[in-house]
There are 2 protein chains.
Amino acid sequence: MARTLADREEVVAALAEIFRDHGFEGASLSTITARTGLGKGSLYNLFPGGKAEMAEAVLAHIDGWFQAHVFRPLEHGGDGLAAVEAMFQATDAYFRSGRRVCVVGVFALGDARDLFAAQVRGYFAAWVTALASALVRAGRDPAWAQADAEEVVAGIQGALVLARALNDTGVFSRMLARLRLGLAWNVPPPPDMTSR
Amino acid sequence: MARTLADREEVVAALAEIFRDHGFEGASLSTITARTGLGKGSLYNLFPGGKAEMAEAVLAHIDGWFQAHVFRPLEHGGDGLAAVEAMFQATDAYFRSGRRVCVVGVFALGDARDLFAAQVRGYFAAWVTALASALVRAGRDPAWAQADAEEVVAGIQGALVLARALNDTGVFSRMLARLRLGLAWNVPPPPDMTSR
DNA sequence: GGAGGGTTGTACCGTTCGGTCCAGTTCGTA
DNA sequence: TACGAACTGGACCGAACGGTACAACCCTCC
């Protein structure tokens, strides 16, 4: 009788895929009922706040996943470089090598941005911060680690955009490989930017 | 009497900002009439195909601008490195150092992706190809130039996502600086990826 | 088996959507 | 000044929107 937690989790997972495909505006309740198999009554029973609450639940779900599988390992994993490598693997798996797109990124660019500004900002800020801390642990100069981390997170997001736009997952794989290399070199900026 | 080209250009420019802010789904006709100051009659006189034609006009307008100010200079400018530097400057100016977002990127991630798939893909493909050709002219190994170009274009797109999500244009500026440096170094991948 | 509360599908609500239509206005031409 | 085509704003349309209400329907527990 009592709805189990697992049920809600399943629904949230389905909602995540719907928002991923259609964005917030594009995901209509009729789409949602069709793809979840639940009527409106059930949906509003689970999410009294309507579509906005569904989206928030999805964002929270995603944030929870990244906290557990990406952010915390980055911050508390022992070896910095190993933690970074684990992040790349988890990221590649999560985004299915570029076949999947980032819901938070979609929300960041879409019309719903203002509605979910705090969650969107928190997600990316947490990612950058966690990655930077791992880089510092790996020996990177703290003054550069933050910018390094930004570059990697932005690179991942951009690769998702490009992979979807070009319909070519190779872009995502290549980008991940290059970001890995860039961190492995760990080269400080040269004094003369024009030298080649 | 005959509507001048300038008028249409102005309307398309206004439409571009609307789609930039709201995406395709989020830009309702009422928003459009309010922000353009034109009634529906005028809009449908200019764009008989409705919202889809407006969006196509915007994409064509953007493509035209990038062709003229970015792609062609990249492909036919004399010095490869100078052409790349000019691209970075034009890009920074166009995106207002990260305050503006990329309409094509927004469309690529949004629900309208399928409607405009060809234009979205064409835009990014042209950018990558043009940049790669300039890199080759600058002496870069053709085998790497394509991936270099992908990295830069993806980096720019990702920086736009991150800058908007974090509401911090600094991300965009830093990313542009790093991408410039990355190309200036022009470092080949090391044989041993695990070395630091 | 009967009772009763949580859960479900669906009919329905007012609103807003994209789009059509047309009477009125504008403006170059003669 | 008079004409007529091009243009304009806004009333209007059916459809679809997000959301509400509620009767039917399980279950679980006596």
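Residue numbers begin at 1 in each chain, while the letters A, B, ... track the order of the sequences.
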Problem - Phosphate-side-chain proximity, B:Ser30 and C:dC17, N/O vs OP1/OP2 below 4.0 Å - result: yes
Practice task
Determine the contact category for B:Ala27: base if any of its heavy atoms lies under 4.0 Å from a base atom, sugar-phosphate if only primed atoms, P, OP1 or OP2 are that close, otherwise nothing.
Solution key: sugar-phosphate
Problem - Nearest-Å distance for atom pair CD/P, residues A:Glu25 and D:dC17 - result: 12 Å
Problem - Closest non-hydrogen atom pair, A:Phe107 against A:Gly23 - result: CE1-C, 4.3 Å
Handout entry: Whole-Å gap separating P (D:dG19) and CZ (A:Phe47)
Key = 13 Å
Practice task
Determine: side-chain N/O of A:Ser28 to OP1/OP2 of D:dC17, distance under 4.0 Å, yes or no.
Solution key: yes
Practice task
Please state how far atom OH in B:Tyr44 lies from atom C1' in C:dG19, giving the value in whole angstrom units.
Solution key: 5 Å
Problem - Among C:dG19, D:dT8, D:dG18, the nucleotide that comes nearest once only the side chain of B:Lys40 is considered - result: C:dG19
Handout entry: Atom-pair distance (CE on B:Met54; C1' on C:dG18), nearest Å
Key = 9 Å
Exercise for the section: Give a yes or no on whether a salt bridge exists between A:Arg178 and B:Glu150, defined as a side-chain N under 4.0 angstrom from a carboxylate O. Expected result: no
Handout entry: Spacing of A:Asn45 atom CG relative to D:dC22 atom C1', expressed in whole Å
Key = 13 Å
Exercise for the section: Please report, rounded to the nearest Å, how far the P atom of C:dG18 is from the NZ atom of B:Lys51. Expected result: 4 Å
Practice task
Look at the rings of B:Phe66 and B:Tyr94 and say which category their plane angle falls in: under 30° parallel, 30 to 60° tilted, over 60° perpendicular.
Solution key: perpendicular
Handout entry: Qualifying residue, where the test is side-chain contact (heavy atoms from CB on, under 4.5 Å) with A:Val106 and the options are B:Val106, B:Val161, B:Leu109
Key = B:Leu109
Problem - Note: A:Glu17-A:Arg35 ion pair, threshold 4.0 Å (strictly below) - result: no
Fill in the blank from the handout: By nearest-nucleotide position on DNA chain C, the 5'-leaning member of A:Gly41 and B:Gly49 is A:Gly41
Handout entry: Atom-to-atom span, CZ of A:Arg8 to C1' of C:dG6 - whole angstrom
Key = 16 Å
Practice task
Rounded to the nearest angstrom, tell me the gap between atom CG in A:Leu29 and atom C1' in C:dT10.
Solution key: 14 Å
Problem - N/O (side chain, B:Ser42) to phosphate O (OP1/OP2, D:dG9) under 4.0 Å - result: yes
